[in-house]
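Contents: one structure, followed by commentary.
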Amino acid sequence: MGAKTFLGFVPWIIFWVVSGPSTWEFAAGGALVAALILLIPSHERGRIKLLEIVSVLFFGALTIAGLVLDHSRLMWLEEYAQAISSAVLAVVVLGSLAFVPFTEQYAREQVPQQFWSTPQFKHVNRMLTLVWGLTFAVCAVLGMLAQPDHGGSAWLNWIIPIALLVGAFKFTAWYPEHVKADTRAAGTAAA
């Protein structure tokens, strides 16, 4: 998992960066456009991923809500848009552990098919998916705590969540190689 995984997060990143008081509708619309653009190559390959589907549905629903509902009914969304989006990602990613771990869809594009059913491949993707799901869950909690009525700050709203996301990306790059090295070392020791 690498650059292709990052592309799957582009709509969410657009939303997190642009979303704020009086801008979440634009953030949702921009994220929807990005999600639709990113969906095209996956659709052409016949490999639409869970994250792509959720992105289109979530940002499509937000965009429609912003267009048709009275602004006064959506004030809560202005305050909690980032927390809600992080919570949606946490639920989807952690929920994918019951079926196909979210990271496995990306890993299959980089790992030969003969390894897809191995215990090592399954373990690595369950662990990576768990790390991502917990990262999003913590970001959702931080987003709730960052609200002005809760004494919010840049630390809770931006700095810690960005550090967590960077950490999740670094772990995603490191962990599969670590497991491969451990497996090789165990094989060498057994021989």
Side-chain angles (χ1 to χ4, degrees), residues 4-44 47-103 105-106 129-166 168-169:
K4 289 184 180 186
T5 306
F6 175 75
L7 285 177
F9 289 120
V10 166
W12 300 89
I13 293 168
I14 289 170
F15 185 72
W16 292 328
V17 170
V18 177
S19 183
S22 302
T23 62
W24 70 266
E25 298 100 326
F26 301 111
L32 177 60
V33 169
L36 290 170
I37 289 170
L38 292 172
L39 188 64
I40 294 168
S42 292
H43 176 67
E44 289 173 350
R47 295 183 184 159
I48 297 175
K49 295 172 187 64
L50 176 64
L51 183 59
E52 295 166 339
I53 293 167
V54 170
S55 297
V56 169
L57 293 175
F58 180 74
F59 295 119
L62 282 182
T63 301
I64 291 168
L67 292 172
V68 300
L69 296 178
D70 182 55
H71 190 266
S72 63
R73 294 180 134 177
L74 299 172
M75 292 302 290
W76 59 273
L77 195 52
E78 282 194 16
E79 291 182 26
Y80 297 103
Q82 290 183 345
I84 292 167
S85 62
S86 293
V88 166
L89 280 173
V91 168
V92 168
V93 170
L94 291 172
S96 76
L97 287 168
F99 307 102
V100 176
F102 129 85
T103 60
Q105 294 178 321
Y106 295 92
T129 297
L130 180 63
V131 166
W132 279 104
L134 293 175
T135 297
F136 294 132
V138 171
C139 288
V141 170
L142 291 172
M144 295 297 288
L145 296 174
Q147 296 313 307
D149 56 329
H150 296 126
S153 71
W155 280 95
L156 296 175
N157 204 29
W158 291 103
I159 297 168
I160 296 172
I162 289 171
L164 289 171
L165 292 170
V166 168
F169 273 109

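As the structure is a prediction and not an experimental result, all values here were calculated from the model. Scope of the values below: all heavy atoms of this structure, side chains included, with no hydrogens, waters or symmetry mates.
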Nearest non-hydrogen partners of Leu74 and Ala65, listed with the distance = CD1-O, 3.4 Å
Spell out, as yes or no, whether a donor-acceptor pair under 3.5 Å connects the side chain of Gln105 to the backbone of Leu50.
-> yes
Worked verdict on Phe102 versus Val92 for side chain to side chain contact (heavy atoms under 4.5 Å, CB included) | CA-CA 8 Å; Phe102 129 85; Val92 168; over 6 Å; no
Please work out which of the three classes, parallel, tilted or perpendicular, describes the rings of Phe15 and Phe58, given edges at 30° and 60°.
-> perpendicular
Gap separating the CG atom of Leu130 from the CG atom of Leu134, nearest 0.5 angstrom = 4.5 Å
Leu77 versus Ile84, closest heavy-atom pair with distance | CD1-CD1, 3.7 Å
Donor-acceptor contact present, side-chain Thr129 to main-chain Thr103, <3.5 Å = yes
Nearest 0.5 Å please: distance from the CG atom of Leu89 over to the CH2 atom of Trp132.
-> 10.0 Å
Could you grab the distance from atom CE of Met144 to atom SG of Cys139, nearest 0.5 Å is fine?
-> 14.0 Å
With rounding to the nearest 0.5 Å, note down the distance linking CG in Leu32 to CD1 in Ile37.
-> 9.5 Å
Atom of Leu51, atom of Gly8 and distance for their closest heavy-atom approach | CD2-O, 3.4 Å
Side chain to side chain contact (heavy atoms under 4.5 Å, CB included) between Val91 and Val88, worked out = CA-CA 5 Å; Val91 168; Val88 166; 6.0 Å; no
Quick one: are Val33 and Ile14 in side-chain contact, heavy atoms under 4.5 Å?
-> no
Answer yes or no: is there a donor N or O on one side and an acceptor on the other, between the side chain of Glu52 and the main chain of Leu39, under 3.5 Å?
-> no
Using the benzene-type ring in the case of Trp, are the ring centres of Trp12 and Phe59 under 6.0 Å apart?
-> yes
Under 3.5 Å donor-acceptor, Ser85 side chain and Gln82 backbone | yes
For Leu165 and Ile13, run side chain to side chain contact (heavy atoms under 4.5 Å, CB included): C-alpha distance rounded to whole Å, both residues' side-chain angles, the deciding distance at 0.1 Å, then the answer.
-> CA-CA 11 Å; Leu165 292 170; Ile13 293 168; over 6 Å; no
Leu62 versus Trp24, closest heavy-atom pair with distance | O-CZ3, 3.5 Å
Which distance, rounded to the nearest 0.5 Å, do you find between the CZ of Phe136 and the OG of Ser86?
-> 7.5 Å
How close do Gly133 and Val93 get, heavy atom to heavy atom, and via which atoms?
-> N-CG1, 3.5 Å
What are the two closest heavy atoms between Ala137 and Ala90, and how far apart are they?
-> N-CB, 3.5 Å
